[in-house]
Novice: 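Below is the structure I would like to discuss, written out as structure tokens.
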Amino acid sequence: TVLPIVIGQARYEDTELLGQTLAGICDQCQQNDGDRPLLVISSDMNHFAAEPENRRLDRMALDAMCSGDPEKLYDTCINNDISMCGMISACIIMQALLEQSPALRPQLIDYCNSASTTGDESSVVGYAGVLLD
């Protein structure tokens, strides 16, 4: 079963509440089915800067995410105008996972941007895979 959830803009405080609620839903699923739900975030990284600037902004967001601190990710993206469209969703899922475990150990799996496919470095979109464990 797949349950897609679309999230728009939110304050950081809202991500905390939504993360707690999601953690509760996951606990209920695990109690009822014995299986822990798989949580997946789909997001581009920064959008439409020149390749070096986009890579710099993406690195900032990825470093914040890999710190395991959702508030750091939120603040980094907001304060640096990083247009990571799934940042709110990432914060919510990080919050939910922190409700179930005292710490996250995020791992960057891979990173690239659209220039690696198109060859056009004037305006790129970044992509990354991060495992939140």
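Computed from a prediction, not measured in an experiment: that's the story for all the values here.
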Novice: Which value, rounded to the nearest 0.5 Å, describes the distance between L97 atom CG and L22 atom CG?
Specialist: 8.0 Å

Novice: D133 and Q107: side-chain donor and acceptor closer than 3.5 Å?
Specialist: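 Short answer, no.
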
Novice: Where do F48 and N54 land on the side chain to side chain contact (heavy atoms under 4.5 Å, CB included) test, with the steps shown first?
Specialist: CA-CA 7 Å; F48 309 131; N54 214 69; over 6 Å; no

Novice: Please answer whether the main-chain N or O of Q30 pairs with a side-chain N or O of D35 as donor and acceptor at a distance below 3.5 Å.
Specialist: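 No; zero donor-acceptor contacts below 3.5 Å.
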
Novice: Could you pull out the closest heavy-atom pair between Y12 and T15, with the gap in Å?
Specialist: O-OG1, 2.6 Å

Novice: Please find the pair of heavy atoms, one from L73 and one from C91, that lie closest to each other, and give the distance.
Specialist: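 Nearest pair, atom of L73 first, then C91: CD2-SG, 4.1 Å.
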
Novice: Taking the side chain as every heavy atom from C-beta outward, state whether K72 and D63 have any atom pair closer than 4.5 Å.
Specialist: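 No, every pair of side-chain atoms sits at 4.5 Å or beyond.
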
Novice: Determine whether the side chains of N46 and D58 contain a donor N or O and an acceptor N or O closer than 3.5 Å.
Specialist: no

Novice: Answer with yes or no whether the hydrophobic clustering places I41 together with I5; edges join I, L, V, M, F, W, Y residues whose side-chain heavy atoms lie under 4.5 Å apart.
Specialist: yes

Novice: Could you measure the distance from the CD atom of Q95 to the OG1 atom of T21? Nearest 0.5 Å is fine.
Specialist: 11.0 Å

Novice: Transitively linked via ILVMFWY side-chain contacts under 4.5 Å: L17 with M87?
Specialist: no

Novice: Do S89 and I93 have side chains that get closer than 4.5 Å, going by heavy atoms?
Specialist: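 With C-beta onward as the side chain, the pair stays apart.
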
Novice: Between M84 and S43, what is the shortest heavy-atom contact and its length?
Specialist: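 Reported closest heavy-atom pair: CG-OG, 3.6 Å.
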
Novice: Could you check whether any side-chain N or O of S83 sits under 3.5 Å from a backbone N or O of H47, counting only pairs where one atom can act as donor and the other as acceptor?
Specialist: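 A pair under 3.5 Å: yes.
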
Novice: Testing the basics here: between C66 and V130, what is the closest heavy-atom pair and its distance to 0.1 Å?
Specialist: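 Smallest interatomic distance, heavy atoms only, reads SG-CG1, 4.4 Å.
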
Novice: Check whether I7 and I25 end up in the same hydrophobic cluster, where Ile, Leu, Val, Met, Phe, Trp and Tyr are linked by side-chain heavy atoms less than 4.5 Å apart.
Specialist: no

Novice: Can you name the closest pair of heavy atoms from P70 and L98 and give their distance?
Specialist: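 Answer, listing the atom of P70 first, then L98: CD-CD1, 3.6 Å.
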
Novice: Tell me yes or no: between the side chains of N113 and E121, is some donor less than 3.5 Å from an acceptor?
Specialist: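 On atom types as modelled, these side chains do not qualify, holding no pair under 3.5 Å.
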
Novice: Once rounded to the nearest 0.5 Å, what's the spacing between atom CE of M94 and atom CD1 of I92?
Specialist: 12.0 Å

Novice: Return the CZ to CG distance between R59 and L108, rounded to the nearest 0.5 Å.
Specialist: 5.5 Å

Novice: Report yes or no: does D14 contribute a side-chain atom to a donor-acceptor pair with the main-chain N or O of R11 at less than 3.5 Å?
Specialist: yes

Novice: Output, in order, the C-alpha distance, side-chain angles, deciding distance and verdict of side chain to side chain contact (heavy atoms under 4.5 Å, CB included) for M60 and L57.
Specialist: CA-CA 5 Å; M60 291 171 65; L57 293 170; 4.3 Å; yes

Novice: Within the side chain of T76, is there an N or O that forms a donor-acceptor pair under 3.5 Å with the backbone of A61?
Specialist: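 Not a single qualifying donor-acceptor pair exists.
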
Novice: Any donor and acceptor pair, going by atom type alone, linking the side chain of N80 with main-chain N or O of I82 inside 3.5 Å?
Specialist: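 Checking the backbone N and O of I82 against the side chain of N80, no donor-acceptor pair under 3.5 Å is found.
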
Novice: Can you tell me how far the CE atom of M45 sits from the SG atom of C85, to the nearest 0.5 Å?
Specialist: 9.5 Å

Novice: Please give me the minimum heavy-atom distance between A115 and V124, naming the atom from each residue.
Specialist: CB-CG1, 3.7 Å

Novice: Is there a path of hydrophobic side-chain contacts, each under 4.5 Å between heavy atoms, that joins L132 and L62?
Specialist: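 Result: yes, single cluster for both.
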
Novice: With hydrophobic residues grouped by side-chain heavy-atom distances under 4.5 Å, do L18 and L3 end up in a single group?
Specialist: yes

Novice: Is there a side-chain contact between R55 and Y111 (heavy atoms, below 4.5 Å)?
Specialist: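 Yes; the side chains approach each other to less than 4.5 Å.
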
